[in-house]
Amino acid sequence: EKDLSHWSAAETADFGSDGHGDMTLQILSEHATSDEKQTRILEVLTESMQVRSYHFECIGRESLIASGVPAEAPQTASAAE
(Lines give C-alpha, C1' and ligand atoms only; values in the text may rest on other atoms or scores of the structure.)
Protein backbone atom coordinates (compact mmCIF):
# COMPACT_ATOMS: atom_id res chain seq x y z
CA GLU A 1 0.00 0.00 0.00
CA LYS A 2 2.77 2.44 0.93
CA ASP A 3 4.53 1.84 -2.40
CA LEU A 4 1.38 2.80 -4.29
CA SER A 5 0.99 6.23 -2.67
CA HIS A 6 2.45 7.99 -5.73
CA TRP A 7 -0.10 6.33 -8.01
CA SER A 8 -2.95 7.18 -5.66
CA ALA A 9 -1.89 10.83 -5.64
CA ALA A 10 -1.72 10.87 -9.45
CA GLU A 11 -5.18 9.35 -9.72
CA THR A 12 -6.53 12.01 -7.36
CA ALA A 13 -4.90 14.73 -9.49
CA ASP A 14 -6.42 13.32 -12.70
CA PHE A 15 -9.66 15.22 -12.58
CA GLY A 16 -11.65 15.91 -15.70
CA SER A 17 -11.56 14.04 -18.98
CA ASP A 18 -8.05 15.22 -19.96
CA GLY A 19 -6.31 14.43 -16.65
CA HIS A 20 -3.87 16.65 -14.83
CA GLY A 21 -1.69 17.06 -17.95
CA ASP A 22 -4.29 19.44 -19.34
CA MET A 23 -4.05 21.67 -16.28
CA THR A 24 -1.08 23.62 -17.69
CA LEU A 25 -3.13 24.76 -20.66
CA GLN A 26 -6.04 25.71 -18.42
CA ILE A 27 -3.78 27.79 -16.16
CA LEU A 28 -2.09 29.50 -19.11
CA SER A 29 -5.36 30.38 -20.80
CA GLU A 30 -6.69 31.83 -17.56
CA HIS A 31 -3.64 33.82 -16.43
CA ALA A 32 -1.62 34.70 -19.56
CA THR A 33 -3.99 37.49 -20.48
CA SER A 34 -1.55 40.13 -21.74
CA ASP A 35 1.45 40.24 -24.05
CA GLU A 36 3.67 41.03 -21.06
CA LYS A 37 2.43 38.02 -19.09
CA GLN A 38 2.73 35.74 -22.12
CA THR A 39 6.31 36.87 -22.72
CA ARG A 40 7.24 36.30 -19.08
CA ILE A 41 5.61 32.86 -19.09
CA LEU A 42 7.58 31.87 -22.19
CA GLU A 43 10.80 33.02 -20.50
CA VAL A 44 10.03 30.96 -17.40
CA LEU A 45 9.04 27.91 -19.45
CA THR A 46 12.26 28.16 -21.46
CA GLU A 47 14.33 28.31 -18.28
CA SER A 48 12.35 25.44 -16.77
CA MET A 49 12.99 23.25 -19.82
CA GLN A 50 16.73 24.03 -19.65
CA VAL A 51 16.82 23.02 -15.98
CA ARG A 52 14.84 19.86 -16.74
CA SER A 53 17.19 18.95 -19.59
CA TYR A 54 20.26 19.52 -17.40
CA HIS A 55 18.70 17.47 -14.59
CA PHE A 56 18.07 14.44 -16.81
CA GLU A 57 21.47 14.81 -18.47
CA CYS A 58 23.06 14.58 -15.02
CA ILE A 59 21.02 11.50 -14.16
CA GLY A 60 22.10 9.85 -17.41
CA ARG A 61 25.75 10.74 -16.86
CA GLU A 62 25.73 9.46 -13.29
CA SER A 63 24.03 6.25 -14.45
CA LEU A 64 26.75 5.70 -17.01
CA ILE A 65 29.47 6.33 -14.44
CA ALA A 66 27.79 3.96 -11.96
CA SER A 67 27.74 1.24 -14.62
CA GLY A 68 31.42 1.75 -15.40
CA VAL A 69 31.06 3.62 -18.68
CA PRO A 70 33.20 6.76 -18.87
CA ALA A 71 31.08 9.87 -19.28
CA GLU A 72 31.88 13.52 -19.81
CA ALA A 73 30.56 16.22 -17.49
CA PRO A 74 27.41 17.86 -18.91
CA GLN A 75 27.71 21.31 -20.43
CA THR A 76 25.46 24.16 -19.48
CA ALA A 77 23.45 25.83 -22.23
CA SER A 78 25.76 28.86 -22.21
CA ALA A 79 28.91 26.71 -22.42
CA ALA A 80 27.54 24.79 -25.41
CA GLU A 81 26.94 27.96 -27.45
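Throughout, numbering of the chain's residues begins at 1 and tracks the sequence. Note that these values count all heavy atoms, side chains included, but never hydrogens, waters or copies made by symmetry.
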Peer 1: Can any side-chain N or O of Thr46 pair as donor or acceptor with the backbone N or O of Leu42 at less than 3.5 Å?
Peer 2: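 Judged by distance alone, yes, a pair lies under 3.5 Å.
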Peer 1: Would you call Glu47 and Val44 a side-chain contact if the rule is heavy atoms closer than 4.5 Å?
Peer 2: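 Contact flag for Glu47/Val44 side chains = no.
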Peer 1: When rounded to the nearest 0.5 angstrom, what is the spacing between OG in Ser48 and CD in Glu43?
Peer 2: 13.5 Å
Peer 1: Which pairs of donor and acceptor atoms, one on a side chain in residues 30-38, lie under 3.5 Å apart (sequence neighbours left out)?
Peer 2:
| unit_1 | atom_1 | unit_2 | atom_2 | d |
| --- | --- | --- | --- | --- |
| Ser34 | OG | Lys37 | N | 3.1 |
| Gln38 | NE2 | Ala32 | O | 3.1 |

